[in-house]
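Just so you know, these numbers use all the heavy atoms, side chains as well, and skip hydrogens, waters and symmetry mates. Naming: A, B, ... by sequence-line order, numbering from 1 per chain.
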There are 2 protein chains.
Amino acid sequence: MARAATRTVRRVARPAPRKPVRRARRATYHHGDLARALVDAAVAIIDERGAEAFTLREAARRLGVNHRAAYRHFADKDALLAAVAEQGFRGLIDATRAQAAGLTEPAARLAAAARAYVAFAAEHPAHFRVMFAPRHNEGATRTLSGAAPFATVDALVAEAYALLEAEVRAGMASGAFAADAGPHPVIALWSAMHGLASLVLMKRVDVPPGRLGTWVDRIFERSLRGLR
Amino acid sequence: MARAATRTVRRVARPAPRKPVRRARRATYHHGDLARALVDAAVAIIDERGAEAFTLREAARRLGVNHRAAYRHFADKDALLAAVAEQGFRGLIDATRAQAAGLTEPAARLAAAARAYVAFAAEHPAHFRVMFAPRHNEGATRTLSGAAPFATVDALVAEAYALLEAEVRAGMASGAFAADAGPHPVIALWSAMHGLASLVLMKRVDVPPGRLGTWVDRIFERSLRGLR
DNA sequence: ACCTGAACACCGTTCAAGT
DNA sequence: ACCTGAACACCGTTCAAGT
């Protein structure tokens, strides 16, 4: 009995003095965009303390709302993470378009896309990790072509892929690259850039500061030479 | 009070009829290798139901031991996962050596290593995911060269890397590959294979059945052409 | 030396209300 | 329409014992 009482006191003791702060914060989201705020909070938590530190309750705590409020906007924790992934893929697509803007040669546009990919991962590690987290990618029906529960994410992946595929098609039409058996050149390029980005993020590969873009260019150049 | 009683009954109700089975199983590990059994259970759980489904309590339940027993062999959950990663890297190193055995040309030995890497990922998805899970790879001091908490894992990564590096050195000495600015050829090769393996595991890339080895060969060949 | 039991401080999610 | 509170069935981990 004495123990139970102690426990109750301890639980209440921490959040109690924060109540005024909570009220002030809640006003911000009362008729604001709580869904968006939750996505931003998730990204911030993952960037600061890793994917495992992200919990619905922690995100809600940061925004000064009850943890149950999230369920008004997302079906569950996974759905919120899917929203983070969507935001990420949109950002990646925008960055790819921006980097390629003004370039006309297919090879140059592809190289720009490769640079954009790795730079995006380096600058938005939380987004990148959620975009390629197993949860959203392992469902049997969630292939490149077959849509399913996380249909929007899948559609964005397909859109990003199509961007690169169009460049390869243009390069083949103009005779800059040769057609060739085996995996599609986009898959080879994607693999190389995805692998480099992943290994750099998990610090298994050390890139000298400021040299990441050059490394991408050199790897891209080498595989392109193999395609000619 | 009635509620509390119901809850207690429910909690006890499920495991109770299993008690004889538990006893029988526990005998197996009484003076057996519980550490090893826990590693195997972790791999089985992750293969069956994903990395998020693995909990210390579930692993202990499968082996019929109290969940606290794991702490006699591992400091915490992460240490158990590190043991899974170690087992994985040892398996990868063995597979790489086995694939290259009998081959003398550095290019052929590297191609064999590339095939072994992607095949290992396809055949041991749970190991592969744990080996490259953020937890063991994000610590500031856990780079390729600087050892730290998960020192054994780091040493094994370095060993696997050294295997490839020796082949590249041999290839350069014999004039088969050219030296060249930018990332080390091992990093380019590792990135391409790691990216392909990751994208295949998360089903973002569809490989026609039985064609994975050929795809690896083609990607390897193309980047090698770029190195000459 | 190896394992267990009870307890603590967390989770995600459900149900039933509150405004 | 949007948010809250209490409760449930889980976790990982600690403390204190049991054999």
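Comparing the same atom, C1', in dA9(D) and in dA9(C) gives a spacing of 15 Å after rounding to whole Å. Comparing dA17(D) with dA1(C), their C1' atoms are spaced 15 Å from each other, to the whole Å.
When rounded to the nearest whole Å, the span between CG of Asp76(A) and C1' of dT14(C) equals 13 Å. The distance between atom CD of Glu58(A) and atom C1' of dC11(C), rounded to the nearest whole Å, is 12 Å. As a whole-Å value, the separation of Glu52(A) CD from dC10(C) P is 18 Å. For the pair Asp78(B) CG and dG12(D) P, the interatomic distance rounds to 11 Å; values are reported in whole Å. Straight-line distance from the CZ atom of Arg36(B) to the C1' atom of dC2(C): 20 Å, rounded to whole Å. Taking atom CG on Leu80(A) and atom P on dT13(C), their separation rounds to 10 Å, with Å as the unit. To the nearest angstrom, P of dT14(C) lies 16 Å from CZ of Phe74(A). Regarding Asn66(B), its CG atom lies at a distance of 13 Å from the C1' atom of dT13(D), rounded to whole Å.
Smallest separation of non-hydrogen atoms from Ser198(B) and His194(A): CB-CD2, 4.2 Å.
In this structure, the side chain of Arg109(B) engages the main chain of Ala100(B) through a donor-acceptor pair within 3.5 Å.
Nucleotide dA7(C) forms a Watson-Crick or G-U wobble pair with dT13(D), both donor-acceptor distances falling under 3.5 Å. Base pairing of dC2(D) is made with dG18(C), judged by Watson-Crick or G-U wobble geometry with both donor-acceptor distances under 3.5 Å.
Phe89(A) and Phe132(A) have their aromatic ring centers within a separation under 6.0 angstrom.
Listed candidates were dT14(C), dC10(D), dG12(D). Nearest to the side chain of Arg68(A) is dT14(C). Looking at the side chain of Arg57(B), the nearest of the listed nucleotides dA7(C), dT13(C), dG5(D) is dA7(C).
One finds no side-chain N or O of His73(B) lying less than 4.0 angstrom from the OP1 or OP2 phosphate oxygen of dC2(C). Proximity of His67(A) to the phosphate of dG5(D): no side-chain N or O atom is located under 4.0 Å from OP1 or OP2. For the OP1/OP2 pair of dT13(C) and a distance below 4.0 Å, the side-chain nitrogens and oxygens of Tyr71(A) include at least one atom meeting the criterion.
Comparing Arg72(A) and Leu56(B) by the nucleotide of DNA chain D whose heavy atom lies nearest to each, the residue mapping closer to the 5' end is Arg72(A).
Judged by distance alone, the side chains of Tyr161(B) and Trp190(B) never bring a donor and an acceptor atom under 3.5 Å apart.
Using cut-offs of 30° and 60° for the angle between ring planes, the His124(A) and His127(A) rings count as perpendicular.
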